[in-house]
Asker: 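I'd like to ask you about the structure that follows.
Order of listing sets the numbers, starting from 1, for every ligand and every atom in it.
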Amino acid sequence: MKLEWTVYELTLKHPFTIARGSSASRRVVVVRLEQDGIVGLGEAAPIARYGESVETVEQFLRNLNLNAIQDPFALESILWALDLSVPGNAAAKTAIDLALHDWIGKKVGLPLWKLWGLEPGRALATSFTIGIDRPDVIEQKVHEAEAFPILKIKLGGENDREIMAAVRRATKKPLRVDANEGWKDRQLAVERITWLEQEGVEFIEQPMPAADLAGTAWVRERVNIPLIADENSLRLTDVPKLMGAFDGINIKLMKCTGLREAMRMVNTARACGMKVMIGCMIETSIGITAGAHLTPLLDYVDLDGSMLTTNDPYEGVKFDGGTILLPTEPGLGVRLRG
Ligand code: MG
């Protein structure tokens with residue numbers, strides 16, 4: 001296969017702030033894998049928390065042994081070898097996983113959801129994320145998100161009560177909350193979650209630091225709404241360890257190496273009696289559309305990453321009032337915006 005890639009800088013509509021930090025733009029790497037005149041598209045949106053950057057992704061791609069990909073349909077052996085070839089580099093591995101899935105779908109002429117036996121009508125609505133900000137900006141962001149039926153609010157800091165008050169001044173919509181590990185103390189976490197329950201919050205994502213799984217289990221015994229693991233749920237092998245501490249997992253393609261492992265995580269979480277959500281990073285429509293193909297299998301969807309940017313070079317999945325409209329074109333169903 002022939003490999004090419006392009007680095008894009010995605011500009012954010014609003015500087016995006018979560019409990020860990022803030023950014024005004026994000027760089028991603030779009031890859032193109034070509035064979036038999038068919039181009040498969042993939043994307044890496046590297047996550048600094050896990051030691052990845054555009055530079056590490058490019059290094060990974062430069063070192064890639066394309067001779068190992070004789071038959072692009074042989075996903076099992078290709079992706080297994082790729083994963084074993086170097087540790088980490090999950091987003092870079094995801095780019096190849098997505099490009100191969102796109103290539104296969106195009107080769108057989110079917111969208112991925114159809115290849116997987118899923119029904120597009122079962123896709124859910126996505127939430128829209130409101131990052132940490134000043135109360136007046138929060139209110140403005142909530143108004144801008146009017147088309148979306150569910151909002152995900154970033155908390156986990158000193159100003160949680162001001163932020164929630166601003167959100168509730170602007171809307172009565174169902175809310176989800178992501179604390180991004182921000183509540184370091186288990187008693188504080190219980191207090192905040194009990195309060196948020198009364199504010200009509202549907203679930204809490206990653207209330208406590210990933211390193212404090214015992215603390216999360218302690219919190220879970222004392223609250224009523226589901227706790228969903230994000231920073232605790234990176235790869236397949238993490239899932240069984242979360243039983244008892246979390247009620248569900250948030251799968252992100254950029255953390256788990258791609259669609260093939262994501263599918264295994266869905267099945268494993270189900271076997272553990274857990275809910276499944278899909279989330280995203282700041283990504284183009286390539287990564288977002290790839291995740292969207294899984295949504296008929298899931299309980300909660302948070303695929304707003306491309307909508308938080310002003311210059312997504314690609315188009316794919318569409319959102320109608322938040323409801324996901326899966327592409328009917330083969331593969332991922334993504335093309336350059338034109
Ligand atoms: Mg999260």
Asker: Would you give the length of the straight line joining atom CG of Leu64 to atom CD of Gln59, rounded to the nearest 0.5 angstrom?
Answerer: 11.5 Å
Asker: What protein N/O/S atoms sit under 2.8 Å from the Mg ion (ligand 1), by chain and number?
Answerer: Asp178 OD2, Glu205 OE2, Asp230 OD2
Asker: Can you name the nearest heavy-atom pair linking Pro296 to Leu326, along with the distance?
Answerer: CG-CD1, 4.0 Å
Asker: Could you tell me which non-hydrogen atom of Gly105 sits nearest to which non-hydrogen atom of Pro330, and how far apart they are?
Answerer: O-CB, 3.5 Å
Asker: Hey, are Asp83 and Arg235 close enough for a salt bridge, meaning a charged N less than 4.0 Å from a carboxylate O?
Answerer: yes
Asker: Please give me the minimum heavy-atom distance between Phe60 and Ile96, naming the atom from each residue.
Answerer: CE2-CG1, 4.3 Å
Asker: Determine whether a donor-acceptor pair (N or O, by modelled atom type, separation under 3.5 Å) exists between the side chain of Gln206 and the backbone of Met208.
Answerer: yes
